[in-house]
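So you know, we letter chains A, B, ... as the sequences are listed, proteins then strands, and number each from 1.
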Protein chains: 2
Amino acid sequence: MSKTKPLFPLVTVDIALFTIDGGELKVLLTKRSNVPFKGCWSLPGGVLDPAVDDNLLAAANRVMLTKLGLTLPHMEEISSASGATRDPRGWSISMTYLALLPMDQIHAIAGKKVDEIEWANIRERRRKLAFDHSGLLDQALEQLRRKVLANVLPLHMLPQKFTLTQLQRTIETITGMPLEKSAFRRRLKDQHASDLEAVPGEYERGVQRPAQLWRATKDYRFH
Amino acid sequence: MSKTKPLFPLVTVDIALFTIDGGELKVLLTKRSNVPFKGCWSLPGGVLDPAVDDNLLAAANRVMLTKLGLTLPHMEEISSASGATRDPRGWSISMTYLALLPMDQIHAIAGKKVDEIEWANIRERRRKLAFDHSGLLDQALEQLRRKVLANVLPLHMLPQKFTLTQLQRTIETITGMPLEKSAFRRRLKDQHASDLEAVPGEYERGVQRPAQLWRATKDYRFH
DNA sequence: TCAATAGTGTCTCTTAGACAATATTGA
DNA sequence: TCAATATTGTCTAAGAGACACTATTGA
């Protein structure tokens, strides 16, 4: 470690990383290998290292890369949690981040897998997490749903090339609300012309009419 | 001061406090009386004191109370700013808060007025602020406008009792967009029945038909 | 031909904007 | 009565949901 001075207050970053797997919304959890809360499940996270982190967002990206080998297409600050009692080690600040992983990279986790990991189904979330992570996860999930309901496209959860039906299913899975196919596509044409582009001549085939493949335009952001 | 240990990283809170004055949106600025950026204008703020602050939100409220004598009806976390270079004193974290002051309390500022203060007109904002506060103010302002445009009522900027026209003018001032009186009132009736209540028998009088006075319902939150 | 899903068209209903009409006061 | 602003009503246009229709493939 490159830490030189002890941190006071203790500053950590915690990441709620979501993806879609088997038509279900999942979040990545890690089992803690150290005290406090050793053996408990928690959001993946780590301690700020001022010697190497340019800022807190960079710290979140570093943690996901070094601990899990992941470079994530979206990382967004959600909120802080702070106080003297939320971490037994003392007065602490945690910044929570919302991150998205493309569904075809769900098995890309490599890195120094010091911790046991699990993709937990959001709908079955009854497990109590370490620290105040249950609440942090709730906030990140709420923000994800709010944005998708507000018509922001979660393209970073899809493969590079995808069909419009895949996109529709992804949104339905996140929000829990069914979409009308016709109205959904009308909205894409009217309001997302600059977000999506058809991949010329590429189609997904099956026992049906081939489906046009689409991709996010360059520099698309989940904003 | 009750600080016992020096902070590392340095943790501060900065508050973008908005109100309406003379039909204009204003933000409270303070002139810094200490280094760094001595003599520069900045958002009011202060350093976290883990010995007395329950959390960062409490720190923001304490700073506004002790430095300016204000107890604010709304205080909301916006975002963090962090890094090694944004404050010459070293690696720092600042949490920005959005706060609202009722327009009839614009002169309520008392407290230990160690700093010179000014209500700066948002539309004339060309002044460069200390640290990265210009950007922080932009973010807070954007969030305020986003919420008001998304139909959240800024009741905390109005007096306890107000007319619907006052509310309409307030919203128009924040967003910069004119509202249709009829459609606006229809929206209030349809979507804000639980946010507003008429004050029975109380009217604002003038050279015109008296205007019903309204108040925010108990526990109304700007959310 | 049929099952299956892609993709499009159309009808209707709701909602929001535009604008007009009525209401009530002080001067 | 008039000026001024509060409050309400109505017409219309745009957008969204419901639903049906057509298109294209593999089996």
What parts of residues 150-161 of chain B reach DNA chain C, counting only heavy atoms under 4.0 Å away? none
Least distance between heavy atoms, A:Ser134 atom then A:Arg127 atom: OG-O, 4.0 Å
Return the polar atom pairs (N/O with N/O) between nucleotides 16-23 of chain D and the protein under 3.5 Å, or none.
unit_1: D:dG17; atom_1: N7; unit_2: A:Arg186; atom_2: NH2; d: 2.8
unit_1: D:dG17; atom_1: O6; unit_2: A:Arg186; atom_2: NH1; d: 3.3
unit_1: D:dA23; atom_1: O4'; unit_2: A:Arg209; atom_2: NH1; d: 3.0

Pair listing, salt bridge (Lys or Arg N to Asp or Glu O under 4.0 Å) test, anchored in residues 134-153 of chain A, at least two apart: A:Glu76-A:Lys147, A:Arg125-A:Asp138, A:Glu142-A:Arg146
Suppose we screen for ring pair (Phe, Tyr, Trp, His ring centres under 6.0 Å). Which residues come up paired with B:Tyr203, at least two apart in sequence or across chains? none
Which ring-ring contact (aromatic ring centres under 6.0 Å, His included) pairs, counting each pair once, include a residue from residues 161-200 of chain A, with sequence neighbours left out? none
Contacts of type salt bridge (Lys or Arg N to Asp or Glu O under 4.0 Å), residue B:Glu180, not counting sequence neighbours: none
For A:Ile122, the option from A:Val27, A:Ile174, A:Thr173 that meets side chain to side chain contact (heavy atoms under 4.5 Å, CB included): A:Val27
Using the ring-ring contact (aromatic ring centres under 6.0 Å, His included) rule, collect all pairs that involve residues 54-73 of chain A, keeping only residues at least two apart or in two chains. none
side-chain contact (heavy atoms from CB on, under 4.5 Å) with B:Thr71: which residues, sequence neighbours excluded? B:Leu65
Can you pull the contact range of chain B along DNA chain C, 5' to 3', using atoms under 4.0 angstrom from its heavy atoms? C:dA16 to C:dG26
With B:Phe222 via ring pair (Phe, Tyr, Trp, His ring centres under 6.0 Å) - residues at least two apart: B:His74
Kindly state each residue pair satisfying side-chain hydrogen bond (donor to acceptor under 3.5 Å, both in side chains) with at least one member in residues 205-215 of chain A, sequence neighbours excluded. A:Glu197-A:Arg215
Please check: side-chain N/O of B:His133 versus main-chain N/O of B:Leu43, any donor-acceptor pairing under 3.5 Å? yes
Residue mapping more 5' on DNA chain D - nearest nucleotide basis, A:Val207 or B:Lys189: B:Lys189
For DNA chain C, the residues among residues 192-205 of chain B that have a non-hydrogen atom under 4.0 Å from it: B:Arg205
Tell me yes or no: between the side chains of A:Gln139 and A:Thr96, is some donor less than 3.5 Å from an acceptor? no
